[in-house]
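Below is one structure, written out as structure tokens, with a few remarks after it.
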Amino acid sequence: MREIHTKEDFRYFVRADLCRYGYGVSRKAFRQAKKFVPGFRFTYQLRLCDYLSKAPVFKRPLFYLANARLERYKFKYGFDIEYSTKIGAGLHLSHWGGVVINPAVVIGENCNLSQQITIGVDSKEGMDAVPVIGSGVYIAPGSKIFGKITVGDNSAIGANSVVNRDVPPGVTVGGIPAKIISQDDASGYVKNICQE
């Protein structure tokens with residue numbers, strides 16, 4: 001999975017995130033989304049902190065300022081996501097509020113995260129027992145995903161589901177505990193994907 005190391009990587013991630021909100025990639029679209037879309041405003045700050053954390057020492061003051069703003073956005077919008085979390089390009093935060101993600105979680109590209117979800121550790125298995133979420137995954141409101149599991153590419157997690165077992169690619173799971181309820185994938189939910 002691509003990570004942010006250079007300015008071009010940073011721009012790629014921001015463009016991919018912006019596309020997911022259906023705004024296109026113009027400067028005007030960027031300004032509008034940054035002003036009116038809390039999910040994009042947060043992801044932009046997340047990407048900026050990730051980029052500046054790897055920048056040369058003389059740019060450290062910029063990182064501290066960006067991180068302070070990110071911390072403010074966490075409280076304002078209810079997104080508990082660290083900039084160090086490995087999240088692929090094209091992140092879409094559907095609605096703001098109550099999103100908690102353990103920093104060790106890995107999330108693929110073009111994923112949709114809804115409100116009131118938790119993706120975290122299963123402390124009975126140890127502090128490194130966190131999920132790996134594939135690309136093109138849709139996670140519905142209220143879902144809880146935990147433990148050393150893999151959620152396959154293009155799968156959908158139903159509302160208020162508790163997922164503590166592997167999810168195969170291209171299926172829909174739901175319930176407590178979650179089980180396969182449909183062979184439909186997440187393509188109906190994951191839209192506006194930018195082509196590089």
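All figures in this text were calculated on a predicted structure; none of them were measured in a lab. The first residue of the sequence shown is numbered 1, and numbering continues consecutively from there.
Other residues, nucleotides and ligands contribute more than 12 heavy atoms inside 6.0 Å of the OH atom of Tyr73. Counting non-hydrogen atoms of neighbouring residues, nucleotides and ligands closer than 6.0 angstrom, the CZ atom of Arg60 exceeds 12 such neighbours.
Of the possible donor and acceptor atoms, none in the side chain of Asp153 sits under 3.5 Å from a partner among the backbone N and O of Pro169. Judged by distance alone, the side chain of Ser135 and the main-chain N or O of Glu109 form a donor-acceptor pair under 3.5 Å. Gln45 places a side-chain N or O within donor-acceptor distance of the main-chain N or O of Ala66, the cut-off being under 3.5 Å. Although no hydrogens or angles enter the test, the distance criterion places no donor-acceptor pair under 3.5 Å between the side chain of Lys34 and the main chain of Phe40.
Residues Val106 and Ile133 form no side-chain contact, since every pair of their non-hydrogen atoms from C-beta on lies 4.5 Å or further apart. At a threshold of 4.5 Å between non-hydrogen side-chain atoms, the residues His92 and Ser94 count as touching.
Side chain to side chain, Tyr77 and Arg41 meet the donor-acceptor criterion of an N or O pair below 3.5 Å.
Using a cutoff of 4.0 Å between basic side-chain nitrogens and carboxylate oxygens, Arg47 and Asp17 are scored as salt-bridged. Ion pairing between Arg2 and Glu8 fails under the 4.0 Å rule for side-chain N and carboxylate O.
When ring centroids are compared, Phe79 and Phe42 come within the 6.0 Å threshold. Here Phe63 and Tyr83 bring their ring centres to under 6.0 angstrom of each other.
Remark: Thr150 OG1 to Asp166 CG distance equals 5.0 Å, nearest 0.5 Å. The OG1 atom of Thr118 lies 9.5 Å from the CD1 atom of Ile145; values are rounded to the nearest 0.5 Å. Taken from CZ in Arg31 to NZ in Lys35, the straight-line distance is 10.5 Å, to the nearest 0.5 Å. Between the CG atom of Asn192 and the OH atom of Tyr23 there is a distance of 11.5 Å, given to the nearest 0.5 Å. How far CG of Leu93 is from CD1 of Ile87: 8.0 Å, rounded to the nearest 0.5 Å.
Cluster membership check: Tyr138 does not share its hydrophobic cluster with Val163, using side-chain heavy-atom separations under 4.5 Å among Ile, Leu, Val, Met, Phe, Trp and Tyr.
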